[in-house]
Amino acid sequence: MIDRAALRAAAGPLVALGGLVAGVAVGVGLGAAPAAGALGVGGAGLVVAWWTTSRVRLIVATVALVVLGSAVTQRALDGAADAPVRDRLGTRLSLVATVARDPTGAPYSTSLVLRVHGVVDDPSGSARPTRSALVYATGSGDAAVRLRVLTTGDRVVVSGVVRPLGAADDWLRWRHVVARLDGVALADFVPATSPLFALADRLRAVVLRGTAHLPLEQRAQVAGFVLGDTRELPRDLEQAYRDAGLSHLLVVSGANVAFALALAGPLLRRLPIVPRFGAGVGVVLLFATMTRFEPSVLRASVLAATVMFTELVGRPVARLRALSLAVMALVVVDPFLVFLPGFILSCAATAGIALWARPIAGALPGPRVVRDAAAVSLAAQVGVAPVLLARFGEVRLVAPIANLLAAPAAEPLGVLGLAGGALAGVVAPRVPAVGALVAAPLRVLVDWVSTIARAGATVPFVLDRRTAIGVVACAAAAAAVARGRGGSLRRDASRSGRSVPDTPAR
């Protein structure tokens, strides 16, 4: 049960994407290198592919993407190996940096990612500019309290001891982090001066202010649903969402980007087509900045921009084809994305929706609105199941049921959390009743989803790799037997001159 038309429409881009990912794997195996020659060869190959016929084009483009993927990966590894702070390991440095990722952790133990721009070597306090590099900074005690108030985009002066990344820090390496900075002390900071970050932070504050009438736990969940910010969410509740297979609700996805575009829709529709495209991309960029450019946000944002561009040029494409093009663009820019679970799961869920949502909706009973919501949820679960098995070794069997039960509340929660939060954040300081009015349905929706998460987390049944292989093998055998019986019936009917009606696919 798969949407074969969607698969055929995206066959070429999917093959090309496979070549690019294979090239990334080759690049990791070859190791760090400037790879300028390979980069040129890969780029030239894509140019050649553009001017060839369709059948040859796919072959040439795929080979070129293998070379290009290898080259950009080697260059990324080379940049990390040659980062400026790595030659000062074990020493305490004063650094000028920008906050690249919001602080996380407990109030008295805080960590954040900093983008280093300069080293303060001069006793007078002047900074020597260096090539940009990311470090993972940690602080404790009073320093952690001061670090906790920082936000992405803030300019800071910090000091700390530079340490190498450990064996368990692969998740940092694939985010381009080159070293740790321990025992961090904050010497100075300046709020974000970038207009984009300043506006994004202001809008974040407005949306979160609009949820002030909710209890703290519900506010933390709304921040996760709308902005992907789970820093204030109790760890036991976050674990319950994960165990019930609902953790994707706390991660910004394509649905959130669609909500943001829908809110801006009345304004966008008044613009001519080219300014509408520019304004739409601006909305997507602003929302991505608000949600801090997490891997799933990058996927959703670039996919939305790709769809808008194809509509601008009058050549709209199917969702799976657009997803393939968007992922290729992202991986060429940042090949390390293919090693991040959040990015892979986001792509797998979107692919699952493109391939299985329509067939599943056609097979389900009930009103169309309910069938479509349930089909999207189930299709996403089908898409991510192989990734979960490969990466984590198991799939929670309660996840499809939990997602079906949570689906009727999840979408209204995202819309109301963003639109209602923004409205209440602007109006409630002057008219408090608006904040209470928005909070009432939000609380009902949040309690609905969190109750399902807590109940689902108590279900112990999981599907491991070995069982999954057995289930797939049995399903394939059953399908082969059914196909063989159908063929036998048709042969017998043809010999006797009778016809056998087609049976609908299930």
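Just so it is clear, the values below take in all heavy atoms, side chains as well, and ignore hydrogens, waters and symmetry mates. Keep in mind it's a predicted model, so treat the numbers as computed, not measured.
- Looking only at distances, no side-chain donor or acceptor of Thr467 sits under 3.5 Å from a matching main-chain atom of Leu463.
- Using a 4.5 Å heavy-atom threshold, the side chains of Leu114 and Val158 count as touching.
- For Val66, the side chain to side chain contact (heavy atoms under 4.5 Å, CB included) test picks out no residue, with sequence neighbours left out.
- Using modelled atom types, no side-chain atom of Ser377 and backbone atom of Ala374 make a donor-acceptor pair closer than 3.5 Å.
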Test salt bridge (Lys or Arg N to Asp or Glu O under 4.0 Å) on Asp188 and Arg155; report intermediate values, then the result. CA-CA 8 Å; Asp188 192 15; Arg155 298 275 296 188; over 6 Å; no

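- With a 4.5 Å cut-off on side-chain heavy atoms, Leu418 and Asn256 do not count as touching.
- The stretch residues 320-344 participates, sequence neighbours left out, in these side chain to side chain donor-acceptor pair (under 3.5 Å) pairs: His176-Asp334.
- Take Asp229 and apply the salt bridge (Lys or Arg N to Asp or Glu O under 4.0 Å) test, not counting sequence neighbours, and it matches Arg204, Arg231.
- Legend: residues meeting salt bridge (Lys or Arg N to Asp or Glu O under 4.0 Å) with Arg276, ordered by chain and number and at least two apart, are absent.
- The side-chain heavy atoms of Phe392 and Val387, taken from C-beta on, include no pair separated by under 4.5 Å.
- Take Arg115 and apply the side-chain hydrogen bond (donor to acceptor under 3.5 Å, both in side chains) test, not counting sequence neighbours, and it matches Ser132.
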Go through Leu388 and Leu345 one step at a time and tell me if the side-chain contact (heavy atoms from CB on, under 4.5 Å) criterion holds. CA-CA 8 Å; Leu388 293 174; Leu345 288 169; 3.9 Å; yes

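- Taking the side-chain hydrogen bond (donor to acceptor under 3.5 Å, both in side chains) definition, one finds that Arg173 meets it with Asp170, sequence neighbours left out.
- With respect to Asp169 and Arg180, a salt bridge is recorded, a charged nitrogen being found less than 4.0 Å from a carboxylate O.
- Residues satisfying the salt bridge (Lys or Arg N to Asp or Glu O under 4.0 Å) test with Glu238, not counting sequence neighbours, are Arg235, Arg242.
- Take Phe339 and apply the ring pair (Phe, Tyr, Trp, His ring centres under 6.0 Å) test, not counting sequence neighbours, and it matches Trp174.
- Checked by atom type, the side-chain pair Thr104/Ser111 shows a donor-acceptor distance below 3.5 Å.
- Using a 4.5 Å heavy-atom cutoff, the side chains of Leu378 and Asn403 are not in contact.
- Asp102 and Thr151 are not linked by any side-chain donor-acceptor pair at a separation below 3.5 angstrom, with hydrogens and angles left out of the test.
- No side-chain heavy atom of Val135 sits under 4.5 Å from any side-chain heavy atom of Val113.
- Applying the salt bridge (Lys or Arg N to Asp or Glu O under 4.0 Å) test to Arg101 and every residue at least two apart in sequence or in another chain returns Glu294.
- Within the structure, salt bridge (Lys or Arg N to Asp or Glu O under 4.0 Å) contacts touching residues 192-203 (residues at least two apart or in different chains) are Asp201-Arg292.
- With no hydrogens or angles considered, a side-chain donor-acceptor pair links His117 and Thr98 at under 3.5 Å.
- Under the salt bridge (Lys or Arg N to Asp or Glu O under 4.0 Å) criterion, the residue pairs touching residues 349-359 are Asp3-Arg358, with sequence neighbours excluded.
- Residue pairs meeting the ring pair (Phe, Tyr, Trp, His ring centres under 6.0 Å) criterion with at least one member in residues 270-301, sequence neighbours excluded, do not occur.
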